[in-house]
There are 2 protein chains.
Amino acid sequence: MEDLLFDFISKYISLSEDEKNAIISLDIFRSVKKGTILLQEGQNSKESYFVLKGCIRTYYVLDGDEKTTAFYTEMDALTPHCVTSKTPSQYYISCIEDSILLISNTDMEEEVNTKFPKFDVMCRTFSSELLAKNKVDFDEFKTSSPEQRYLNLLQKRPDLIQRVPQHQLASYLGIKPQSLSRLKARILEKDKG
Amino acid sequence: MEDLLFDFISKYISLSEDEKNAIISLDIFRSVKKGTILLQEGQNSKESYFVLKGCIRTYYVLDGDEKTTAFYTEMDALTPHCVTSKTPSQYYISCIEDSILLISNTDMEEEVNTKFPKFDVMCRTFSSELLAKNKVDFDEFKTSSPEQRYLNLLQKRPDLIQRVPQHQLASYLGIKPQSLSRLKARILEKDKG
DNA sequence: CTTATTTGTTAACTTAAGTGAACGAATCTA
DNA sequence: TAGATTCGTTCACTTAAGTTAACAAATAAG
C-alpha cells in the first residue's frame, strides 16, 4: 500500500530509502470502514486526508438534508477548510466505501516539512496544482447545464457513477435525485431515437 | 499605490525597507485601460496578476458566446490555469475597468523566491488559502439556486453588482441575462408584497 | 451631433428542474 | 429471516430557467 503513495510522490520529487522509511515510521496509514464519519459540522480539526484506496465525500446539512459537494477517490487529497481557517467545520466528511487513507495532522506536517524541505516544495506545487484544477472544475460547472454536467462526469469519472449512491451524485451535480433519474431517462431516449 | 501591496503583504510576512525596494525595482506595476485583453484563448502565458485597483474578468467563448466565470477586484490574485499547466489557455482575461495591476511572470517569481525565501512561504500560504476559499465558493454555488446566488452576492460583493455589466454578471451566476432581469424583478416584488 | 452598436428589460412560449407522493427493490438490523 | 428503513424511479403538478423577439436606454463610433 505504501507503494501507491511513493509512486504518487515520485511524480513531484524523488525520495531516498531513508526518507521513505521516515514517512512509513510516521504511522499515518489508516483503514477506515464504510460509514465512518471523519469530520463533523462544528468540529475543529487539524487532519488532512489522502485517499490511497476507497472513497470519501464532503457534505453539508442544510435545512435538514444533505448536500454532497465532493467525492475524493484514489490519489485525491483533501485538507478541510476548517484546518486552514482554524474555524469550526461547516461540513461533514464521511467514508462511503471501506478505505485506506493517509491521515496527517498540521503539527506533524510542520515537523516533516522542517526535516525534509523538499516535502514543503512538493506540497506547494501540489497545492497550486489543486487550486488550478479546482478552478477549472468550477468553471465547467458554471458554464454547463445539469445534463451536460452528468455527461461530462460520465466522461471524466465514469467510476463515480457506479460506486456512488445516486442521491449523493444528484446533489453533487447540483440537482435533486428525481431530476437525475429523469435526466438519465432523457439521455437514454435520445440514444435510442 | 505600492502601499496597497505592502499593506496586503504585511498580513502574511513583514518586509524590511531593502526588501520593499527590491520589489519596487522589479517594476511590475502596470496601468491597464478598460477593454484591454490580457490573455487570449490558445495563448501560452507565464503572467500572473494581482489587482491593486480596478477589475478584471475571466471568460470562455463557447458556441460563440461569452461565459464569464470570475471577477477579480482589489487585492485579488489570479494565476491563469495555463501558467501552471503550461498548456494553451482555454479562456480569456480582460480588463473591465481602468485598472492598476501587478503583473509578474514565472521566471521572475522564481528569482525573487530564491532571493527572499520568506516570499516563497508567503506564496504557499496564500495559495492554500485561495484553494480553501475557492472550494467554499464552489460549495456555495453548488448548494444554492440562481436566486440564492444573487442574494448571496448582494451580501458578499455588493460592489460587483454595481460595477459589472449585467449580462456578464448573469453568466457568472450560471444563468442567462433575461433570467437575471426576471429574478431581480421577482425579488423586488417579494420585498414589496 | 448623429448613427450604430451594445446593453438591459419585458413578454410569450418552451423546456427542464423542484415538489410531493407512490411504489417496488435493495439494504440494513434486530 | 422478517420487518424496517433507505434508495431509485416514475408520475402529476408547480415553478423557474431557456429561447426568441421586441424595444428603449446607454454607449461607442464616425
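Every chain is numbered from 1 and lettered A, B, ... according to where its sequence line falls, protein lines coming before strand lines.
Results of the side-chain hydrogen bond (donor to acceptor under 3.5 Å, both in side chains) test with B:Asp159 over B:Arg163, B:Arg157, B:Lys156, B:Gln162 single out B:Arg163 as the only residue that passes.
Looking at which nucleotide of DNA chain D each of B:Ser145 and A:Val164 is closest to, the 5′-most match is held by A:Val164.
Base contact: A:Arg182 has a heavy atom under 4.0 Å from a base atom.
The distance between atom CG of A:Leu169 and atom C1' of D:dT6, rounded to the nearest whole Å, is 17 Å. In this structure, B:Leu180 atom CG and D:dA16 atom P are separated by 15 Å, rounded to whole Å. Across the protein-nucleic acid pair, B:Ile187 atom CD1 and C:dT9 atom C1' stand 15 Å apart, rounded to whole Å. If you take NZ of B:Lys176 and P of C:dT7, they are 15 Å apart, rounded to a whole angstrom. The distance between atom CD of B:Glu66 and atom P of C:dT6, rounded to the nearest whole Å, is 11 Å. For B:Asp65 and C:dT7, the CG to P distance is 13 Å, given to the nearest whole Å. The distance from atom CD1 of B:Ile175 to atom P of D:dG18 is 6 Å, rounded to the nearest whole Å. For B:Glu147 and C:dA17, the CD to C1' distance is 15 Å, given to the nearest whole Å.
Classification of the B:Phe138-A:Phe138 ring pair by plane angle, with boundaries at 30° and 60°, yields parallel. Using cut-offs of 30° and 60° on the angle between ring planes, the pair B:Tyr92 and B:Tyr59 is parallel.
Of the candidates C:dA17, D:dG18, C:dG8, the closest approach to any side-chain atom of B:Gln166 belongs to C:dG8. When each of C:dA17, C:dT9, D:dA17 is scored by its nearest atom to the side-chain atoms of B:Leu183, the top-ranked nucleotide is D:dA17. Counting only heavy atoms from C-beta on, B:Gln178 has its side chain closest to C:dA11 among C:dA11, C:dA17, C:dT19. For A:Lys34, whose side chain is taken as the heavy atoms from C-beta onward, the closest listed nucleotide among C:dT9, D:dA28, C:dC28 is C:dC28.
OP1 or OP2 of C:dG8 sits under 4.0 Å from a side-chain N or O of B:His167. The side chain of B:Ser179 contributes no N or O atom lying less than 4.0 Å from OP1 or OP2 of D:dA17.
In this structure, the ring of A:Tyr49 has its center no less than 6.0 angstrom from the ring center of A:Tyr72.
Side-chain contact between A:Phe6 and A:Ile23 is present, with heavy atoms from C-beta onward closer than 4.5 Å.
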